[in-house]
Each structure stands twice: as C-alpha cells, then as structure tokens.
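Letters A, B, ... are given to chains in the order of the sequence lines, protein chains preceding strands, and every chain is numbered from 1.
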Amino acid sequence: MRIVTWNINSLKARREHVEAFLDDVAPTVLCMQELKMDDPVIDRSIFESRGYHLITHGQRTYNGVAIASRIPMKDTIIGLPEVEEDQRRFTAATIDGVRIVNLYCPQGQNELSDKFQYKLRFYDALIDWIAREHDPAQPFILTGDLNIAPRAVDIFDPEQFRNVPSFHPFEHERWARLLEWGLVDAAVEWFEDGEYTFWDYRGGSFERNLGMRIDHFLVTPPVLARVQGAHIHRDQRGKERASDHAPVELILGE
DNA sequence: ATGACCGCCGGGGGCGGA
C-alpha cells in the first residue's frame, strides 16, 4: 500500500496536476488538504473515473480535506466538531485494516494571534481524541499538513523561526505528547537533513531550498514495522502553477 | 531577502497561507 499526503492548495487551481499525479504515481491512497471548495462543486469524476473511492469534507475559500482510496473505506468520519471548531480540517477512514486520519492543522499566523491559540486547542483536542478512541498497539496513521517542523533540521532557518508558529516550543510540546502516546515519525528516517515538503511562494524559496518539513506520517508500531520507504515528490513543486507543498509518500509492505 | 508569491472572492484591493 502506498499512501500519499498532499496539500494541493485549491483543487480548482491544481486539478490538472492532481489528475497527472493519479495517472503517473497512482498511489493506493491520496490524502488531500486545502481543497478550498464546497462538497457540491467538487468534481468526483477526477477520482472515481480512475477507480478511486472518495470522501470529502470541503469548504469554500479555506481549508477542506478529502481522501481518495483505491480500496473501499470503512468507518469514515467527515469532520470532528470538537477538534475543528467549524473549520473543515478532519477526515478519517479505515483502509485495509489501517485507521488513517487525514488532517489540515491550523497554521497559527504568529504567537500573539488568536489563530495560534486555536492551533494549540486543535492539537489538545486531537490528542485527547486519539488517546480516548485509539490504541497504540493497533495500526493507526496520523497524516496530513500538520504545520509543525519537529526538529531544527526540518526548517531552513531555526533561529529565524524561534517562537514562530511551525517551529514554536508550544507546538513541539504537542508533538512530544503525540510521540509519548506511541506515534513514530515514520518517514523521517528515509530523508536526508534539509529535505523539505513545503516551500513558500515568496522570495524564490524553492529554488534556494528555503523550506520546511511539515507534512508528515505519524504511525503506531504495527504500521512502522511495515514501512518500506518514503519519498518526497519534489518534482511536483517545480512545476508551473504548483502547490507550495510537495506530495509525500509512505510505502507499506504486507 | 515574508512589503517582493499565489489563490481566494469579486470585479478592487484585502486576507490567508507558513
């Protein structure tokens, strides 16, 4: 099973790139974030014509998440109100016996912003829900645009981002709690330092590799034992009209 | 090199993103 997470930054703007990715890479599961469309205007045929099942939790202008899967999805959750607070950021499904949670976590703007408080509440509610409803001994994947660079090597200038959202100690405290519960950063060991998943549109960040690793796969030990590799589809970020995020792929064996 | 880019809505700039 090959699982990809990709913040596509508007399905409308990225339609052709998504279609080409499905045709060329053909992942088993594609978790998407920032669709920026309401459910009724999402063209499901993009996915269904290629043999994918689809669950969507769309939202106009901002946010919006979806999962496309070649394998039928069970026990789907479309939004978790106590976590999202009316912003559409959460989908979950069980695929081939693996519980997959696809998230678009808040960014936080700056540490004095109400949006940063919302980000911290989002993580607190998420951690409570995971601990209450799940068991680290079972196969579980938390993926998506988590908007946290966990280590100094996961961000191009950790000094500049000291106490800035994406690399803030309060976020690292939440990250540590996820790991304490039993999750493991499954992709990182397959990457070199300085391999990122996001580059800002401004200032030629991609050409200069001024990026961050903020799109992740956090998995429980039964999933970790199946990991055969991970790959950042960096070529996607170099295309014309690219998303500012690259797709990240996790490869699982039987 | 985050005032410097991109997508959104709406039909002009302002907001959000990270």
Side-chain angles (χ1 to χ4, degrees), chain A residues 5-19 31-43 46 56-66 84-90 102-123 126 143-172 174-175 194-216 232 234 236-248:
Chain A
T5 179
W6 191 10
N7 181 325
I8 57 174
N9 186 18
S10 165
L11 180 58
K12 182 180 179 183
R14 222 65 61 207
R15 176 179 179 135
E16 287 73 21
H17 288 343
V18 171
E19 290 178 321
C31 296
M32 290 163 280
Q33 304 89 36
E34 283 210 271
L35 275 71
K36 298 186 175 180
M37 297 177 85
D38 280 328
D39 287 338
V41 291
I42 293 173
D43 185 354
I46 296 170
T56 67
H57 188 38
Q59 184 174 355
R60 183 182 188 255
T61 310
Y62 312 113
N63 313 313
V65 287
E84 298 177 310
E85 301 183 12
D86 295 329
Q87 300 189 23
R88 296 183 178 182
R89 300 177 175 277
F90 183 106
N102 173 37
L103 294 177
Y104 174 47
C105 295
Q107 190 275 331
Q109 202 164 48
N110 65 68
E111 70 171 337
L112 301 179
S113 170
D114 290 342
K115 291 170 184 161
F116 187 56
Q117 296 306 312
Y118 169 52
K119 182 176 192 174
L120 300 179
R121 288 199 307 276
F122 181 98
Y123 266 100
L126 174 71
T143 188
D145 177 359
L146 304 191
N147 265 320
I148 297 176
R151 311 168 304 167
V153 292
D154 295 320
I155 193 162
F156 67 94
D157 188 347
E159 286 303 317
Q160 179 186 330
F161 279 83
R162 185 189 299 273
N163 296 327
V164 175
S166 302
F167 192 69
H168 192 288
F170 294 169
E171 298 170 352
H172 291 146
R174 271 71 179 178
W175 184 269
E195 284 197 71
Y196 304 128
T197 65
F198 161 86
W199 301 260
D200 199 284
Y201 286 123
R202 292 169 287 188
S205 298
F206 181 62
E207 290 71 18
R208 303 163 61 209
N209 198 35
L210 303 180
M212 309 181 191
R213 192 176 70 91
I214 56 176
D215 303 270
H216 300 291
I232 299 170
R234 203 175 183 282
Q236 289 291 329
R237 182 61 180 84
K239 291 189 171 186
E240 291 294 318
R241 285 176 62 84
S243 169
D244 43 4
H245 293 252
V248 185

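What separates CG of A:Asn209 from C1' of B:dA18 is a distance of 16 Å, to the nearest Å. Distance, A:Gln107 CD to B:dC15 C1': 13 Å, rounded to whole Å. Between the P atom of B:dT2 and the CE atom of A:Met212 lies a distance of 10 Å, rounded to the nearest Å. In this entry the distance linking CD of A:Glu207 with P of B:dC5 reads 11 Å, nearest Å. Rounded to an integer number of Å, the gap from A:Phe206 CZ to B:dC6 P is 13 Å. B:dC6 atom C1' lies 12 Å from atom CG of A:Asn7, rounded to whole Å. The interatomic distance linking A:Ile148 (CD1) with B:dA18 (C1') rounds to 13 Å, in whole Å. Here the P atom of nucleotide B:dT2 and the CG atom of A:Asp244 are 15 Å apart, to the nearest Å.
To the nearest whole angstrom, the two P atoms, one in B:dC15 and one in B:dA4, are 13 Å apart. Across the C1' atoms, B:dG7 and B:dG11 are found 16 Å apart, a figure rounded to whole Å. With C1' as the reference atom, B:dG13 and B:dG3 are 15 Å apart, rounded to whole Å. Separating the C1' atom of B:dA1 from that of B:dC5 is a span of 13 Å, rounded to the nearest Å. Nucleotides B:dG12 and B:dC8 have their C1' atoms positioned 14 Å apart, rounded to a whole Å. The separation of B:dA18 from B:dT2, taken at their C1' atoms, amounts to 9 Å, rounded to a whole angstrom.
Contacts of A:Tyr104 with the nucleic acid, taken as non-hydrogen atoms under 4.0 Å apart, involve only primed sugar atoms and P, OP1 or OP2. Base engagement by A:Asp200 is indicated by at least one non-hydrogen atom pair under 4.0 Å involving a base atom. If you check every strand for non-hydrogen atoms under 4.0 Å, A:Ile214 touches sugar and phosphate atoms only. When heavy atoms are screened at a 4.0 angstrom cut-off, A:His245 is found touching the sugar-phosphate backbone but no base atom. Heavy atoms of A:Asn110 sit nowhere under 4.0 angstrom from any nucleic acid atom. Residue-level contact check: A:Asp145 touches the backbone only, with heavy atoms under 4.0 Å from sugar-phosphate atoms and none from bases.
Contact check for A:Leu126 versus A:Arg174: no side-chain heavy atoms found under the 4.5 Å cut-off. Contact check for A:Leu35 versus A:Ile8: side-chain heavy atoms found under the 4.5 Å cut-off. Residues A:Thr197 and A:Ile214 meet the side-chain proximity criterion, which asks for heavy atoms closer than 4.5 Å. At least one side-chain heavy atom of A:Leu146 sits under 4.5 Å from a side-chain heavy atom of A:Leu103.
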Apply side-chain hydrogen bond (donor to acceptor under 3.5 Å, both in side chains) to the pair A:His245 and A:Gln33, showing each step before the final yes or no.
CA-CA 10 Å; A:His245 293 252; A:Gln33 304 89 36; over 6 Å; no
Candidate pair A:Thr56 and A:Asp39, rule side-chain hydrogen bond (donor to acceptor under 3.5 Å, both in side chains), full reasoning:
CA-CA 6 Å; A:Thr56 67; A:Asp39 287 338; 2.7 Å; yes
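Take the nearest nucleotide of DNA chain B for A:Phe156 and for A:Lys115: the residue whose nucleotide is more 5' is A:Phe156.
OP1 or OP2 of B:dT2 sits under 4.0 Å from a side-chain N or O of A:Gln160.
Taking only distance into account, the side chain of A:Arg202 never meets the base of B:dA1 through a donor-acceptor pair shorter than 3.5 Å.
Between A:His172 and A:Phe167, the gap from one ring centroid to the other is short of 6.0 Å. Checked against the 6.0 Å centroid criterion, the rings of A:His216 and A:Trp175 qualify as a close aromatic pair.
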Atom pairs, protein N/O to nucleotides 7-10 of chain B N/O, distance under 3.5 Å:
| residue | atom | partner | partner atom | Å |
| --- | --- | --- | --- | --- |
| B:dG7 | OP1 | A:Arg14 | NH1 | 3.0 |
| B:dG7 | O3' | A:Ser10 | OG | 3.4 |
| B:dC8 | OP1 | A:Ser10 | OG | 2.4 |
| B:dG10 | OP2 | A:Arg60 | NH2 | 3.3 |

